[in-house]
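First up is the structure itself, then whatever we jot down about it.
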Amino acid sequence: MPKLTSRAELQNIREIYKKSLDKETCKVIVCAGNGCIASGSLAVYEKLKEIIKNKKIDCSLELKEDPAEAHHSSLKIGGCPGLCSESVLVLVQPQGWLYSKVKVEDAEDIIEQTVKNGKPVERLAVKGPDGKPILKKNELPFYKNQTRIVLEKCGEIHVESINEYIAVGGYTALEKALFDATPEELCKEVKDANLRGRGGAGFPAGEKWTDTLREKSDVKYVVCNGDEGDPGAFMDQSIMEGIPHQMIEGMLIAGRAINANQGYIYVRAEYPRAVERLKLAIKQAKESGLLGEKILGTDFNFNLTIYRGAGAFVCGEGSALMRSIEGRRGMPRVKRYRSTRVGLFSSPTVINNVETLATVPLIINRGAAWYKTIGTEKSPGTKVFALTGKIANTGLIEVPMGVKLNDIIYDIGGGILDGRKFKAVQIGGPSGGCLTDDDLDLQLDFDSVPKAGAIIGSGGLVVMDDTNCMIEIARFFMNFTQKESCGKCVPCREGTLRMLEILNRIVAGDGREGDIELLEELSTTVLNASLCGLGKTAPTPVISTLKRFMNEYKDHIYNGKCTARECSHFKNLAIIPEKCVGCGACPKVCPVDAISAQDKILEGKKKAYYILDKAKCIKCMACIDACKFSAIIEEA
């Protein structure tokens with residue numbers, strides 16, 4: 001693509017690329033999200049390419065600049081379509097066919113039936129709740145119960161092609177921001193939409209922009225917070241990897257709105273693929289004249305720099321993130337002034353998270369009034385969630401704010417695995433709390449969830465069933481936050497450590513009288529006295545489980561049992577003599593020699609079998625895994 005120097009040139013090239021894209025009547029899009037890549041999607045893609053090349057099939061691997069040269073079939077790699085439990089996913093558009101659990105050996109059928117003959121490979125269709133195949137993506141309960149606006153293009157276009165992003169309307173919002181609106185009007189549109197920050201706090205983005213625009217400074221910054229550190233969360237990662245240009249466009253609009261010329265994308269070190277795709281997207285945007293100096297022939301200059309974090313969870317907090325970019329240790333500071341006044345390098349700064357910025361182009365294109373028709377009055381729009389845990393359909397979902405938890409768990413998620421009973425969902429990651437079946441009718445929005453003792457956070461939903469011990473869940477998250485504490489303030493550094501020690505003792509069977517009261521007291525102290533958001537929310541999983549699962553704490557401490565039978569200390573193992581065949585597999589894996597051989601008389605013959613010394617057993621469960629005859633059981 002030549003470097004674009006005017007609005008007319010961008011509109012013209014968009015029309016050309018759109019014609020080429022429309023000519024592709026069979027687009028085969030292989031998911032290149034992390035879940036599918038881990039399941040072998042890139043090998044599937046390479047096999048499809050190999051067959052196309054060897055058989056000289058009329059199928060394009062990239063969007064043609066000349067519509068006359070465009071093929072009717074194309075092969076692409078796309079972002080995450082969302083249904084990760086069915087990886088590897090292959091989407092065929094515009095037919096809307098979704099193939100699931102695709103393997104390399106399925107490539108031949110996809111080429112022969114779909115690419116050459118325009119017919120679906122029905123055996124690859126996703127199985128519906130009743131076990132019958134559902135070929136159409138939008139007919140699957142997982143998708144038809146969502147409202148995908150931010151993720152609308154994710155998985156639908158070539159993930160590494162700026163041309164395709166432009167062809168489907170990309171950078172139209174930037175046009176409007178440059179030629180049809182003033183900075184004040186841009187701030188007002190985002191403020192009128194009441195776009196609340198999707199990073200967790202829910203602070204109105206338009207207010208941040210307006211405050212920063214008012215500041216008299218020659219230097220201002222836009223910072224994208226891509227430091228997504230919650231266990232079980234991958235929303236921002238999927239956006240950065242699947243639709244990077246949409247987020248970049250949002251940053252450009254933010255820069256225009258506050259009169260900033262420099263932006264930083266802060267990406268956690270554990271996201272190397274996101275970094276690669278963002279680098280490519282930035283390079284493409286610069287070469288196309290959409291980043292850099294005099295963008296589209298205007299006086300607006302804007303450059304982007306990627307900054308890789310070192311993997312510290314605390315750097316998701318705004319002041320710690322800015323210190324990290326400045327080359328200092330990522331530790332929070334006391335906030336005398338908002339970052340909109342004194343931020344990065346002591347200059348006015350807007351910090352928004354990935355999802356928030358990816359939403360901006362939609363608002364500028366379609367208007368604040370349209371955006372407020374989705375969601376609730378005080379929490380308009382949609383929210384992207386990562387749905388994981390003991391649930392049938394795991395993956396990436398997007399739903400209107402105010403959706404009920406029940407709709408996510410059962411309509412979209414397909415219910416609990418193996419027909420077990422729903423117990424709780426941890427929402428908001430280590431900073432969040434748990435919701436139970438009493439909350440299934442709860443609306444998920446920024447105002448309702450805190451009333452239930454949790455937070456929406458960045459959007460992680462970890463589903464648990466009746467085999468999950470809630471004290472172990474609290475211990476897991478406390479262990480995470482304690483390790484991630486920067487150590488700057490005593491309440492967080494010492495308080496989380498003391499709380500973790502108590503939780504470790506309880507799950508190990510050494511709970512004491514007064515532990516519950518001490519946990520409550522420490523939780524209050526850490527919550528009220530910590531410096532930053534990490535410390536102030538670190539006790540939330542403990543507070544939440546104490547409130548909702550007090551019986552499990554009491555069972556561990558006073559009754560010597562784990563209700564969920566998950567904590568190994570409370571398990572008692574036994575070997576059933578009648579089932580034991582004396583194969584000798586169990587003593588070989590026992591690390592403490594708790595299993596020894598005995599003799600038994602069976603049908604008049606002496607045979608060996610094994611017994612377990614419960615006093616020596618450390619409940620590591622290695623023997624259960626080693627036994628092929630189900631002779632070792634957990635006693636009730």
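Ser20 has its side chain out of reach of Asp66: every pair of non-hydrogen atoms, C-beta onward, lies at least 4.5 Å apart. Inter-residue side-chain proximity for Arg14 and Thr172 is flagged as met; some heavy-atom pair is nearer than 4.5 Å. Contact annotation: the side chain of Ile397 never approaches that of Arg148 to less than 4.5 Å [non-hydrogen atoms, C-beta and beyond]. The side-chain heavy atoms of Lys390 and Thr467, taken from C-beta on, include a pair separated by under 4.5 Å. With contacts defined as side-chain heavy-atom distances shorter than 4.5 Å, the pair Leu63/Leu21 qualifies. Proximity of Ser379 to Asp447: side-chain heavy atoms (C-beta onward) are separated by under 4.5 Å at one or more points. Side-chain contact between Leu195 and Arg198 is present, with at least one heavy-atom pair separated by less than 4.5 Å. At a threshold of 4.5 Å between non-hydrogen side-chain atoms, the residues Ser458 and Met235 count as touching.
In terms of modelled atom types and a separation under 3.5 Å, the side chain of Gln93 and the main chain of Ile29 share no donor-acceptor contact. Asn194 places a side-chain N or O within 3.5 Å of a backbone atom of Lys378 that can act as its donor or acceptor partner.
Interatomic distance, Leu290 CG to Glu175 CD, rounded to the nearest 0.5 Å: 9.5 Å. Remark: Ser39 OG to Glu86 CD distance equals 10.5 Å, nearest 0.5 Å. Distance CZ/Phe234 to CE/Met240: 13.0 Å, rounded to 0.5 Å. One distance of note links SG of Cys434 with CZ of Arg548; it measures 6.0 Å at 0.5 Å rounding. In this structure, Lys27 NZ and His71 NE2 are separated by 14.0 Å, a value rounded to the nearest 0.5 Å.
Contact between Val150 and Ile243 at its shortest, heavy atoms only, is O-CD1, 3.3 Å. Across all non-hydrogen atoms, the minimal contact from Leu357 to Met251 is CD1-CG, 3.7 Å. For the pair Pro361 and Ala358, the tightest heavy-atom approach, listed with the atom from each and the gap, is CD-O, 3.5 Å. Of all non-hydrogen atoms in Gly389 and Thr394, the two that sit nearest each other are O-CG2, 4.1 Å.
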Mind listing the side-chain donor-acceptor pairs of residues 405-417 below 3.5 Å, one per line with the distance, residues two or more places apart or on another chain?
none

Could you list the donor-acceptor pairs under 3.5 angstrom formed between side-chain atoms of residues 131-143 and any protein atom two or more places apart in sequence or on another chain?
| from | atom 1 | to | atom 2 | distance (Å) |
| --- | --- | --- | --- | --- |
| Lys136 | NZ | Gln95 | O | 2.7 |
| Lys137 | NZ | Glu156 | OE2 | 3.0 |
| Tyr143 | OH | Pro81 | O | 3.1 |

Distance-only check: which donor-acceptor pairs under 3.5 Å involve side-chain atoms of residues 45-57, not counting sequence neighbours?
| from | atom 1 | to | atom 2 | distance (Å) |
| --- | --- | --- | --- | --- |
| Asn54 | ND2 | Glu50 | O | 3.4 |
| Lys55 | NZ | Glu108 | OE2 | 2.4 |
| Lys55 | NZ | Glu112 | OE2 | 2.7 |

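Ring pair Tyr165/His245 is parallel by interplanar angle, where below 30° counts as parallel and above 60° as perpendicular.
Comment: Lys76 engages Glu24 in a salt bridge, judged by a side-chain N to carboxylate O separation of less than 4.0 angstrom.
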Working for salt bridge (charged side-chain N to carboxylate O under 4.0 Å, His left out), residues Glu105 and Lys103: CA-CA 5 Å; Glu105 48 266 33; Lys103 298 180 174 57; 5.8 Å; no
Test salt bridge (charged side-chain N to carboxylate O under 4.0 Å, His left out) applied to Asp109 and Arg123, step by step: CA-CA 10 Å; Asp109 285 348; Arg123 65 179 178 81; 2.7 Å; yes
Step-by-step side chain to side chain contact (heavy atoms under 4.5 Å, CB included) determination, Gln246 to Ile239: CA-CA 8 Å; Gln246 187 169 317; Ile239 292 172; 6.0 Å; no
